[in-house]
Amino acid sequence: QVQLVESGGGLVQAGGSLRLSCAASGRISSTYVMGWFRQAPGKEREFVAAISWSGVAKYYSDFVKGRFTISRDNAKNTVTLQMNSLKPEDTAVYYCAAKIGTGSRYDAAKYEYWGQGTQVTVSS
């Protein structure tokens with residue numbers, strides 16, 4: 001079993017920055033693909049970013065590309081999401097997730113483990 005705990009959410013003004021962290025524990029493996037998703041009220045959960053086990057390959061949704069940066073530290077079992085130039089439409093609950101098996105990294109249904117989520121609110 002793997003446990004994921006997010007932290008770092010909060011309230012920020014438009015144009016500001018936040019740094020989300022995800023701490024993994026349990027039977028975590030550095031070979032897992034790690035991802036961040038978000039869900040706004042009344043909307044489906046959507047892909048934000050993912051990172052390969054080595055940390056070399058990084059993937060972003062179009063709406064965060066150039067503003068958000070994902071990184072991981074396998075020695076510490078942590079994944080971070082640096083969010084800059086935040087916009088009100090970035091307001092959502094952000095979830096950290098781990099994918100063990102095959103399947104699209106962009107598909108939330110392919111991730112086996114999830115954190116509880118952390119709220120990010122961007123005011124205009």
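Residue numbers start at 1 and run along the sequence shown.
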S.K.: Looking only at heavy atoms, which two atoms of Ala14 and Ser124 are closest? And how far apart?
M.R.: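 Heavy atoms only, the tightest pair is CB-CA, 4.4 Å.
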S.K.: Stepwise, does the side-chain contact (heavy atoms from CB on, under 4.5 Å) test hold for Met83 with Leu20?
M.R.: CA-CA 8 Å; Met83 306 187 296; Leu20 304 184; 3.7 Å; yes
S.K.: What residues form a side chain to side chain donor-acceptor pair (under 3.5 Å) with Ser61, not counting sequence neighbours?
M.R.: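 Result, side chain to side chain donor-acceptor pair (under 3.5 Å) vs Ser61: none returned.
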S.K.: Among residues two or more places apart or on two chains, list those pairs meeting disulfide bond (SG atoms under 2.5 Å apart) that have a residue in residues 35-87.
M.R.: none
S.K.: By side-chain contact (heavy atoms from CB on, under 4.5 Å), which residues pair with Ala23, not counting sequence neighbours?
M.R.: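 Once residues adjacent in sequence are excluded, Ala23 has no partner under the side-chain contact (heavy atoms from CB on, under 4.5 Å) criterion.
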S.K.: Quick one: are Tyr95 and Gln116 in side-chain contact, heavy atoms under 4.5 Å?
M.R.: no
S.K.: Residues two or more places apart in sequence or in another chain: which of them pass side chain to side chain donor-acceptor pair (under 3.5 Å) with Gln39?
M.R.: Arg45
S.K.: Identify, with sequence neighbours excluded, every residue that meets side-chain contact (heavy atoms from CB on, under 4.5 Å) alongside Glu44.
M.R.: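 Glu44 satisfies side-chain contact (heavy atoms from CB on, under 4.5 Å) with no other residue.
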S.K.: Is the side chain of Thr91 donor-acceptor paired with the backbone N or O of Thr121 at a distance under 3.5 Å, no angle test?
M.R.: no
S.K.: With Arg67, which residues qualify under side-chain contact (heavy atoms from CB on, under 4.5 Å), at least two apart?
M.R.: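 Checked Arg67 against side-chain contact (heavy atoms from CB on, under 4.5 Å); matches are Val64, Ser85, Lys87, Asp90.
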S.K.: Quick one: pull up CZ in Arg38 and CG in Leu81 and give me the separation to the nearest 0.5 Å.
M.R.: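 Those atoms lie 10.0 Å apart.
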S.K.: For residues 101-110, run the donor-acceptor check on the side chains, cut-off 3.5 Å, and write out each pair with its distance to 0.1 Å, sequence neighbours left out.
M.R.:
from	atom 1	to	atom 2	distance (Å)
Ser104	OG	Tyr106	N	3.1
Arg105	NH2	Tyr59	OH	3.4
Asp107	OD1	Ala109	N	3.0

S.K.: Is there a path of hydrophobic side-chain contacts, each under 4.5 Å between heavy atoms of I, L, V, M, F, W or Y residues, that connects Val5 with Trp36?
M.R.: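 In one cluster with Val5: Trp36, no.
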S.K.: Are Asn84 and Ser17 close enough, and set up right, to give a side-chain hydrogen bond (donor to acceptor under 3.5 Å, both in side chains), and what steps lead you there?
M.R.: CA-CA 4 Å; Asn84 299 327; Ser17 298; 2.9 Å; yes
S.K.: So, using side-chain contact (heavy atoms from CB on, under 4.5 Å) as the criterion, who are the partners of Ser7 when residues are at least two apart?
M.R.: Ser21
S.K.: Check Ala24 against Leu4 and note the closest heavy-atom contact, atom names and distance.
M.R.: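 Shortest heavy-atom contact: CB-CD2, 3.6 Å.
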S.K.: Heavy atoms only: give me the nearest Val33-Ala50 pair and the separation to one decimal.
M.R.: CG1-CB, 4.4 Å
S.K.: Please, which pairs that meet disulfide bond (SG atoms under 2.5 Å apart) have at least one residue in residues 74-124, sequence neighbours excluded?
M.R.: Cys22-Cys96
S.K.: Please enumerate all residues that pass side chain to side chain donor-acceptor pair (under 3.5 Å) together with Glu112, with sequence neighbours excluded.
M.R.: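 Glu112: no side chain to side chain donor-acceptor pair (under 3.5 Å) contacts found.
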S.K.: Between Glu6 and Gly117, is there a donor-acceptor pair closer than 3.5 Å when you use the side chain of the first and the backbone of the second?
M.R.: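 Side chain of Glu6 to backbone of Gly117, a donor-acceptor pair under 3.5 Å: yes, one is there.
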S.K.: Output all residues satisfying side chain to side chain donor-acceptor pair (under 3.5 Å) with Thr69, sequence neighbours left out; order by chain, then residue number.
M.R.: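 Result, side chain to side chain donor-acceptor pair (under 3.5 Å) vs Thr69: none returned.
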S.K.: Do Tyr94 and Leu11 land in one hydrophobic cluster if side-chain heavy atoms of ILVMFWY residues count as linked below 4.5 Å?
M.R.: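 Shared cluster, no.
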S.K.: What distance do Arg72 atom CZ and Ile70 atom CD1 have between them, rounded to the nearest 0.5 Å?
M.R.: 8.5 Å
S.K.: Considering non-hydrogen atoms only, spot the tightest contact between Ser71 and Thr80 and give its length.
M.R.: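 That would be OG-OG1, 2.5 Å.
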S.K.: Kindly write out the residues that satisfy ring pair (Phe, Tyr, Trp, His ring centres under 6.0 Å) with Phe37, not counting sequence neighbours, or none if the list is empty.
M.R.: Phe47, Tyr111, Trp114
S.K.: Got a second to check how far Lys58's NZ is from Ile51's CD1, nearest 0.5 Å?
M.R.: 5.0 Å
S.K.: How close do Asn74 and Trp53 get, heavy atom to heavy atom, and via which atoms?
M.R.: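 Heavy-atom minimum between the residues: ND2-O, 2.9 Å.
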